[in-house]
Amino acid sequence: MCGIVGHIDLITTPSKAEIEAACTALRHRGPDGYGIEAVTNNLIFGHTRLSFLDLGDQGRQPMFSADRTISITFNGEIYNYLELKKELEDDYTFSTTTDTEVLLAAYRRWGMKMLDRLEGMFAFALHDKIQEKLFLVRDFFGIKPLYYYSSGKNLIFGSELKALHCFSAFQKNLDWTSFCDYFVYRYVPSPKTIWENTYKVPPASYLEIQTKTLEKKLHTYWQPQFAEKKNKDGELISFVGEKLNSSVQKHARADVEVGSFLSGGYDSSAIVNYLVKANYFPKTFSIGFSNWQKSEDYFAKIVAKHLNISNDTVVADESSLDNIELMPQVYDEPIADISIIPTYLVSQLASKKLKAVMSGEGADELFGGYHWQKEFYELHNPKKRLDQIKSFFSKKDTLAFYVRSMSMGNFDEVELKKMLHPNLHQFIPKDVHWFYKKHFRKDLSPLKSIQYLDMKCFMGELVLTKVDRASMANSLEVRVPFLNKVLFEKIFASKEKDYYKSVETKHLLYQNIKADLPTEILDRNKQGFVGPDSYYMNKNWYRKQLKNSTLVKNNIINQPYIDDLLSRDYDWRIWKILVMEKWFATWGE
């Protein structure tokens, strides 16, 4: 995994000193080396490298085609690069064994249509000298990040926002509408960022830029196709087993050792099980929580012992929350997922032994594993006759249900006005749930509509951002084999009853692992990666952290609002305020 950065300046030659500073800011994403190349007089690329393939200098980036008409700075992994390379070898002579050069050859052969053929996680910038175009590309699900700033005669891009701060052309003006969005969603939704004129390339999209004018056009290159196809008995179970096995093995491709996170839940246990079946015995890493009966390290050790693999554990306690001070550097845009610290700690643990691990993100979106998905499904498919009659005549508001499920401390227009200084009321969106509405599909069945919202609004914006920043802050790559577009396409094209059973957690996955894992693991209830709620509920800790609040001093948040939250039973709104307080004190002033 790597960090990428670049600058187009239509007035003058971009500064090499600024691109070097940006590479330094991204060094945690690629400590194995860095490269800087002037692509044209007005375009410069930078790259920091965490190497997994062709570990020598031949794999250095930025990389050029042999005739130097195509150049690339690439962050990610193309898992089917060997298969693509075989297709391309008849008219392209490869000089490295990297997946980066495969991308250059693929673009030369297929242009941007090459994206349809890729399996992987990626964010890259590709320049076509002949067409005078720059393409900023992000993977299907948003596993890897890509930001850009565009104003006047400058366009700057990078893997993280902190890299953009290194350029004198970057104007650091806070977008107050995004500030409001954060409290609604726990993150700033794509394509917006916390800064004005600064954007995320959305998942499954690429930005096409004319390098002479900075004219831009955003393209969406992939959307799952939905249908209601019926499958033969056992067909989907076999398909999932084969595809997941293949995906895990491809994700293990590297010239270095690849391990796995392990929680003892279905998802990570399935991954390590498939690895062991392929005679690959991974090192595994877990997090536990002191004085908690449900601590997942207990279950992780059961799986590790059963499969005869190693397992290292870090145990968190209430004092671990003091890592909140580090989070603004890790997450240079505010994000209030409550597992940001546990994810950072387990990534730190794994990075002491390995450069890459696998993880189970995407399985719940794919197989319907979240408790709110089950609740919504059962609301629409009641078992009792009387409930069926009531359901038939009752109105079900999918968006209202989803807002309640996602809020973790609900902020609507009324609540935002209570919290914010009156001068900021003008920035509160007229419809605070605009992002959920953007991705709500009325044409889908109830469960699929929630799964799609989760894919776009929960996983793609919150979960994957959390995992990428926490892991890369520790120079650790996290690979996610469940995020395979073919798997998603197959599930979303199938009838709900063929892939979802409310009485059996993640039916298709369960059927593939039930013969290989202990009963104690198979009988576990679904558990999120968060630790006990009590860890987050020490109000005295919040009083200490929010004393002399920067947000209050700057007439942004009203002190009486904070006092009121701390005077009653614990409210998750205070966690959102604290995360923003730490971020603003670091980046906002």
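Along the sequence shown, the residues carry numbers beginning at 1. Model, not experiment: these values are computed from the prediction.
- For Glu333, the salt bridge (charged side-chain N to carboxylate O under 4.0 Å, His left out) partners at least two apart in sequence or on another chain are Lys200.
- Of the possible polar contacts, one joining the Asp139 side chain to the Gly142 backbone as a donor-acceptor pair under 3.5 Å is found.
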Between Tyr187 and Asp337, is a side-chain hydrogen bond (donor to acceptor under 3.5 Å, both in side chains) present by the stated rule, with each step listed? CA-CA 8 Å; Tyr187 57 84; Asp337 189 285; over 6 Å; no
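- Partners of Tyr92 by ring pair (Phe, Tyr, Trp, His ring centres under 6.0 Å), not counting sequence neighbours, listed by chain and number: Phe94.
- Ion pairing between a basic and an acidic side chain is recognised when a charged N comes within 4.0 Å of a carboxylate O; Glu18 and Lys16 show no such pairing.
- Remark: aromatic rings of His165 and Trp195 are close, center separation under 6.0 Å.
- The residues Lys133 and Glu208 are annotated as salt-bridged, a charged nitrogen and a carboxylate oxygen being separated by less than 4.0 angstrom.
- Gln329 meets the side chain to side chain contact (heavy atoms under 4.5 Å, CB included) test with Lys162, Thr586, Trp587; sequence neighbours excluded.
- Salt bridge Lys250/Glu119: present, at least one basic N to carboxylate O contact under 4.0 Å.
- Every salt bridge (charged side-chain N to carboxylate O under 4.0 Å, His left out) that Asp431 has, sequence neighbours left out, goes to Lys437.
- Geometric assessment of Arg441 against the ring of Tyr452 yields a positive cation-pi assignment under the 6.0 Å and 45° thresholds.
- To the nearest 0.5 angstrom, Asn42 atom CG is 9.5 Å from His7 atom NE2.
- Salt bridge Glu477/Lys355: absent, no basic N to carboxylate O contact under 4.0 Å.
- Remark: Lys485 does not engage Asp116 in a salt bridge, criterion side-chain N to carboxylate O under 4.0 Å.
- Applying the salt bridge (charged side-chain N to carboxylate O under 4.0 Å, His left out) rule to Glu20 yields no partners; only residues at least two apart in sequence or on another chain are considered.
- Listed by chain and number, the residues in a ring pair (Phe, Tyr, Trp, His ring centres under 6.0 Å) with Phe45 are Phe157 (sequence neighbours excluded).
- Counting only distance, with no hydrogens or angles, the side chain of Arg138 and the backbone of Lys144 share a donor-acceptor pair below 3.5 Å.
- Proximity of a side-chain donor or acceptor of Asn154 to a complementary backbone N or O of Ser150 within less than 3.5 Å is not detected.
- Atom OG of Ser71 is separated from atom CE of Met63 by 11.5 Å, given to the nearest 0.5 angstrom.
- A salt bridge is absent between Asp32 and Arg60: the closest approach of a Lys/Arg side-chain nitrogen to an acidic carboxylate oxygen does not fall below 4.0 angstrom.
- Atoms NZ and CH2, from Lys438 and Trp434 in turn, are 6.0 Å apart once rounded to the nearest 0.5 Å.
- A search for side chain to side chain contact (heavy atoms under 4.5 Å, CB included) contacts involving Thr93 returns nothing, not counting sequence neighbours.
- Residues satisfying the salt bridge (charged side-chain N to carboxylate O under 4.0 Å, His left out) criterion with Glu83, sequence neighbours excluded, are Arg253.
- With rounding to the nearest 0.5 angstrom, the CE atom of Met455 is 9.5 Å from the CG atom of Leu483.
- A salt bridge links Glu413 with Lys417; the closest basic N to acidic carboxylate O contact falls under 4.0 Å.
- A salt bridge between Arg117 and Glu87 is present, with a side-chain N of the basic residue lying under 4.0 Å from a carboxylate O of the acidic one.
- In this structure, the side chain of Thr211 does not engage the main chain of Leu134 through any donor-acceptor pair within 3.5 Å.
- If you look at Phe488 and Phe141, their ring centroids are closer than 6.0 Å.
- Distance alone, capped at 3.5 Å, is enough to place a donor-acceptor pair between the Asp9 side chain and the Ile11 backbone.
- Separation of the Phe122 and Phe140 ring centroids falls under the 6.0 Å cut-off.
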side-chain hydrogen bond (donor to acceptor under 3.5 Å, both in side chains) evaluation trace for Gln171 with Ser151: CA-CA 9 Å; Gln171 299 296 307; Ser151 182; over 6 Å; no
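- Formation of a donor-acceptor pair under 3.5 Å by the Tyr331 side chain with backbone atoms of Lys466 is found in this model.
- Between the OG atom in Ser549 and the CD atom in Glu581 there is a gap of 3.5 Å [rounded to 0.5 Å].
- Ring centroids of Tyr185 and Tyr436 are separated by less than 6.0 Å, placing the two rings close together.
- Side-chain atoms of Leu104 and Val102, non-hydrogen and from C-beta on, never get closer than 4.5 Å to each other.
- Residues Tyr79 and Asp99 are not in side-chain contact: their nearest non-hydrogen atoms beyond the backbone lie 4.5 Å or more apart.
- When atom types are taken as modelled, the side chain of Thr193 and the backbone of Thr198 share a donor-acceptor pair closer than 3.5 angstrom.
- Under the rule for a ring pair (Phe, Tyr, Trp, His ring centres under 6.0 Å), His421 has no partner lying at least two apart in sequence or in another chain.
- Counting heavy atoms from C-beta on, the side chains of Phe226 and Lys448 come closer than 4.5 Å.
- Every residue meeting the side chain to side chain contact (heavy atoms under 4.5 Å, CB included) condition with Thr398, not counting sequence neighbours, appears here in chain and number order: Phe376, Phe440, Ser449, Ile450.
- For Tyr149, the ring pair (Phe, Tyr, Trp, His ring centres under 6.0 Å) partners two or more places apart in sequence, or in a different chain, are Phe170.
- The closest donor-acceptor contact from the side chain of Thr48 to the backbone of Gly3 lies under 3.5 Å.
- Inter-residue side-chain proximity for Leu115 and Trp222 is flagged as unmet; no heavy-atom pair is nearer than 4.5 Å.
- Judged purely by atom type and a 3.5 angstrom limit, Asn484 uses its side chain to pair as donor or acceptor with the backbone of Val486.
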Do Ser190 and Glu461 pass the side-chain hydrogen bond (donor to acceptor under 3.5 Å, both in side chains) test, and can you show the C-alpha distance, the side-chain angles, and the key distance before you say yes or no? CA-CA 7 Å; Ser190 297; Glu461 299 287 331; 2.8 Å; yes
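- Using a distance-only test at 3.5 Å, with no hydrogens or angles considered, a donor-acceptor pair links the side chain of His425 to the main chain of Leu420.
- Note on ring orientation: taking the six-membered ring where Trp is involved, the planes of Tyr370 and Phe458 are perpendicular (angle over 60°, cut-offs 30° and 60°).
- Annotation: the span from Arg469 atom CZ to His28 atom NE2 amounts to 8.5 Å, rounded to 0.5 Å.
- Applying the side chain to side chain contact (heavy atoms under 4.5 Å, CB included) rule to Glu415 yields the partners Phe411, Asp412, Lys418, Tyr561, Arg573; only residues at least two apart in sequence or on another chain are considered.
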Given side-chain contact (heavy atoms from CB on, under 4.5 Å), test Arg186 with Ile335 step by step and report yes or no. CA-CA 6 Å; Arg186 293 180 277 169; Ile335 176 173; 5.9 Å; no
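- In this pair, Phe584 and Trp176 present their aromatic rings tilted. The plane angle is within the 30 to 60° band.
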Between Glu37 and Phe64, does the side-chain contact (heavy atoms from CB on, under 4.5 Å) criterion hold? Intermediate values first, please. CA-CA 10 Å; Glu37 293 283 351; Phe64 290 81; 3.8 Å; yes
